[in-house]
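Please see the structure below; I have some questions.
A note on names: the letters A, B, ... follow the listed sequences, proteins ahead of strands, and every chain is numbered from 1.
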Amino acid sequence: MRDGLKPELIERVLGAKPKYTLPELEEKFPPRDLPAGAFVTRFAPSPTGFMHIGGLYQVLINSKLAQQTNGVFMLRIEDTDTKREVKDAVQIIIDSLKSFGLSYNNDEKYGPYYQSQRKDIYHSVAADLLARGLAYPCFLTAADMERIRAEQSAAGFPTGIYGEFARDRDLTESEIIAHLDNGEVPSIRLYSNGNPERRIFCKDAVRGSIGFPENNEDLVLIKSNDGLPTYHFAHLCDDHFMRTTHVVRGAEWLSSLPLHYQLFQMMGWTPPMYIHTSTLDTIDKDTGKQRKLSKRHDPESNVANLLADGWPVMAVLEYLFNIIASGYEEAKLKGAVKSIWDYEFRPKKIPMSGALFDMKKLEWWAKENIAQMSVDELVANVVAWAQKYADSMRKEQISDLQYLRNVLSIERDNPKRIRKDFITWRQTLSEVEYFWDKFFVPNREYEFNADVLNAFLSTFNIADDKDTWWNKIVEIANRFGIKNGDVAMNLRVALTGRTNTPDLYSIMQVMGKDRVIERVQGAIK
RNA sequence: GGCCCCAUCGUCUAAUGGUUAGGACACCACCCUUUCAAGGUGAGAAUCCCGGUUCGAGUCCGGGUGGGGCUGCCA
């Protein structure tokens, strides 16, 4: 093994003396005191100003895994890309989790939870690697690397900094000092001892053992521009010292698994169990091919849009959870479990192939979800949504809470016959908007039978019970020699402007005598 | 190009190597009905292809094909 750098040089290379030794870090972040079998998981987003539905999917897996094993679920912010910082991005993530009722437990003992605040830890680990000759300062510039890449492509070699292309891999002490004296700031690269001729076997909880060629690339561990770690190095340090037991991440990380194994091996640490999730996909309208849901082309992939449209949060969660644990749906339908939090799932069953995001199925979960709510819950949800997202016109519908409650109570009394045409809070309010005079649009197309409507008005009594009311309708139908349904339809369109509505008797009871008379008279003219 | 992952009805999926390949959503038909939603009943619909192992393959192995990912001082 080659010699490592001397402490004085490490200090110069890193810009400061490392704050901790490895044993100090081990002591500072001891193994967690948790029951046997408890999972320690985390959601580790980079703050891009956007919460993707795929992110929510991963949060759900992570938090369920922790919840069902009495473990810990953390939120760690991967803000190591200073070039891409977005204002308020972290708040968007935190708010999204809160909206969905997904909580995390960031015990400060294992913090901080912003990677930008963990520099001391990364540098201390890097110092150890430097001292052992397993990392080195690299003074290659962007232009240097661009040139190397071009040469490699031209020659048909794999691109990257490895082997003979790693110019600074074996710099002498005096050469390093010369660069530093010259004012150059190095990045810290892995001194890879991997040999692509050999294979390394890595484990994924759902796919099992996967063989890869060993990694021989000298990947960057610490970036030169800001001294922050790359994802790979941060993952190594953080998931070790936060004592993460299970890393749930997207399948795009599968290819870096051999590198991550290599890093853990070099440190003598046990790698976590990895769970690589598949993507949530859609069919591209232009190409007709399946592809990952993207934030640019698919507005429904933005959790903020889902919330703004008023999807019931539990329905979204249940939809996603049923992808993760396909047995959930049946268990719920049979009444074996009440919610996703009662259903225990096995990580091995998480699907490996990409799932198409199915709006129709989401709608079904939403309808079922709303149908199961009490009227009070329904009203509370609609009101909460409107207060936050509705325009002032729409807010009229929540100004009289008792009236709103009466409207939303229609066809909810019989558990077997609960209306299932409410999908989102936004759509619910527009579905019932004809109850408000401001929104009511008289139907100009429908050909009313004025005689029938006059006959209705002459016998109308709001105090009639349902049977009495219906008998009067039948009587009118007989008198005019038309079908009962025709009379009802005249009335329906007069009252609501629509041809499809819930039960008319209920509608009239809610609307009240004056409004009924006014609208029927309006239709007659 | 190289490396890696994946592949069951339209969609999400179930199936210790032995079932008539099961369920849900969607779709269709019929019933109920003051329209719609709901509810009830029913129908159609799948193991990517070719080999091999086996008494027996959706399941195991090999090779194709198709889709996806990685190949950044982004995560």
- Message: Just to be sure I understand the rule, does G211(A) reach a base, reach only the sugar-phosphate, or reach nothing, if contact means heavy atoms closer than 4.0 Å?
- Response: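 It contacts sugar-phosphate atoms only.
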- Would you say rA15(B) has OP1 or OP2 under 4.0 Å from some side-chain N or O of K349(A)?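 Yes, because at least one side-chain N or O of K349(A) sits under 4.0 Å from OP1 or OP2 of rA15(B).
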- Query: Do the ring planes of F357(A) and Y319(A) sit parallel (below 30°), tilted (30 to 60°) or perpendicular (above 60°)?
  - Reply: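 Geometry flag for Y319(A) against F357(A): perpendicular rings.
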- Item | Of D81(A) and K466(A), the one whose closest RNA chain B nucleotide lies more 5' |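 Whichever sits nearer the 5' end wins; that is K466(A).
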- Taking only the side-chain nitrogens and oxygens of R207(A), find out if one of them lies under 4.0 Å from OP1 or OP2 of rC6(B).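 Looking at the OP1 and OP2 atoms of rC6(B), neither is under 4.0 Å from any side-chain N or O of R207(A).
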- Message: By the 4.0 Å heavy-atom rule, please label L504(A) as base, sugar-phosphate, or nothing.
- Response: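 The residue L504(A) makes base contact.
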- Have a look at S224(A) and say if it touches a base, only the backbone sugar-phosphate, or nothing, with a 4.0 Å heavy-atom cut-off.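 Base contact.
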- Closest-nucleotide 5' rank along RNA chain B - winner of P502(A) and Y319(A):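 Counting from the 5' end, the first nearest nucleotide belongs to Y319(A).
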- Rounded to whole angstrom units, what separation is found between the CG atom of D218(A) and the C1' atom of rC73(B)?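 Interatomic distance, CG of D218(A) to C1' of rC73(B): 13 Å.
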- Query: Which nucleotide in the list rA37(B), rC25(B), rC73(B) gets nearest to the side chain of S187(A)?
  - Reply: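 The answer is rC73(B).
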- Message: Once you apply a heavy-atom cut-off of 4.0 Å, does F212(A) come out as touching a base, just sugar-phosphate, or nothing?
- Response: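 Contact class for F212(A): sugar-phosphate only.
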- Query: If you look at every strand shown and take non-hydrogen atoms under 4.0 Å, does T80(A) touch a base, only sugar-phosphate, or nothing?
  - Reply: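 Since only primed, P, OP1 and OP2 atoms lie under 4.0 Å of T80(A), the category is sugar-phosphate.
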- Quickly, which of F264(A), Y261(A), W253(A) forms a ring pair (Phe, Tyr, Trp, His ring centres under 6.0 Å) with H235(A)? Name it, please.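 Testing each of F264(A), Y261(A), W253(A) against H235(A), the sole residue satisfying ring pair (Phe, Tyr, Trp, His ring centres under 6.0 Å) is F264(A).
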- Task: With the side chain of R492(A) defined as its heavy atoms from C-beta on, choose the nearest nucleotide among rA75(B), rU34(B), rG39(B).
- Result: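 Per side-chain heavy atoms of R492(A), the pick is rU34(B).
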- Euclidean distance, atom CG of residue N215(A) to atom C1' of rC3(B) [Å, nearest integer]: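 Computing the N215(A):CG to rC3(B):C1' distance gives 12 Å.
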- Message: Heavy-atom count check: over 12 atoms from other residues, nucleotides or ligands less than 6.0 Å from R346(A) CZ?
- Response: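 No - once you tally the heavy atoms of other residues, nucleotides and ligands closer than 6.0 Å, there are 12 at most.
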- What nucleotide, of rC73(B), rU11(B), rU34(B), holds the atom closest to the side chain of D503(A)?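 Closest nucleotide to the D503(A) side chain: rU34(B).
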- Item | Among rA26(B), rA37(B), rA14(B), the nucleotide that comes nearest once only the side chain of S326(A) is considered |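 Among rA26(B), rA37(B), rA14(B), the one nearest the side chain of S326(A) is rA14(B).
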- Query: I210(A) side chain: which of rC5(B), rC73(B), rC12(B) is closest?
  - Reply: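 Within the option list, the nearest is rC5(B).
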- Checking all strands, does N484(A) fall into the base, sugar-phosphate, or nothing category for heavy-atom contacts under 4.0 angstrom?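 Answer is nothing: N484(A) stays at 4.0 Å or more from every strand.
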- Taking the six-membered ring of Y434(A) as reference, does the NZ or CZ atom of R498(A) fall below 6.0 Å from its centre and within a 45° cone about the axis?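 Judged by the rule (NZ or CZ under 6.0 Å from the ring centre, within 45° of its axis), R498(A) is not positioned above Y434(A).
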- Message: I need the F440(A) CZ to T496(A) OG1 distance, nearest 0.5 Å.
- Response: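 If I round to the nearest 0.5 Å, the distance is 7.0 Å.
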- Task: Would you classify E217(A) as touching base, sugar-phosphate or nothing, given that sugar-phosphate means primed atoms plus P, OP1 and OP2, and contacts are heavy atoms under 4.0 Å?
- Result: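 The answer is nothing, as E217(A) stays clear of every strand by at least 4.0 Å.
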- Message: Nearest 0.5 Å, please: how far is CG in L140(A) from OG in S187(A)?
- Response: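 CG of L140(A) is found 7.5 Å from OG of S187(A).
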- Item | Distance test, side-chain N/O of R199(A) to OP1/OP2 of rC4(B), below 4.0 Å |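 Yes, R199(A) has a side-chain N/O under 4.0 Å of OP1/OP2 on rC4(B).
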- Task: Answer yes or no: does a side-chain N or O of K223(A) lie under 4.0 Å from OP1 or OP2 of rC74(B)?
- Result: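 Yes.
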- Is any N or O donor-acceptor pair between the side chain of T230(A) and the base of rC73(B) shorter than 3.5 Å?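 It does not, because no donor-acceptor pair links the side chain of T230(A) to the base of rC73(B) below 3.5 Å.
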- Could you tell me the separation between the NZ atom of K360(A) and the C1' atom of rG10(B), rounded to a whole number of Å?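 In whole Å, rG10(B) C1' and K360(A) NZ are 13 Å from each other.
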- Query: What nucleic acid atoms does N322(A) come within less than 4.0 Å of, heavy atoms only: base, sugar-phosphate, or nothing?
  - Reply: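 Nothing, no nucleic acid heavy atom in range.
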- Query: Taking the inter-plane angle between the rings of H260(A) and Y231(A) on a 0 to 90° scale, is it parallel (under 30°), tilted (30 to 60°) or perpendicular (over 60°)?
  - Reply: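 Ring orientation of H260(A) relative to Y231(A): tilted.
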- Message: Measuring to OP1 and OP2 of rG39(B), would you say a side-chain N or O of K420(A) lies under 4.0 angstrom away?
- Response: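 Checking K420(A) against rG39(B): at least one side-chain N or O falls below 4.0 Å of OP1 or OP2.
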- M352(A) has an atom CE; how far is it from atom P of rC12(B), in whole Å?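 Atom-to-atom, M352(A) to rC12(B), this comes out as 15 Å.
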- Any S278(A) side-chain N or O less than 4.0 Å from OP1/OP2 of rG68(B):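 Checking rG68(B) against S278(A), no side-chain N or O comes under 4.0 Å of OP1 or OP2.
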- Message: If I take atom CH2 in residue W365(A) and atom C1' in nucleotide rC12(B), what distance separates them, rounded to the nearest angstrom?
- Response: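 Atom CH2 in W365(A) sits about 11 Å away from atom C1' in rC12(B).
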- Send over the distance from M489(A) CE to rU34(B) C1', rounded to a whole Å.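 For the pair M489(A) CE and rU34(B) C1', the rounded distance is 8 Å.
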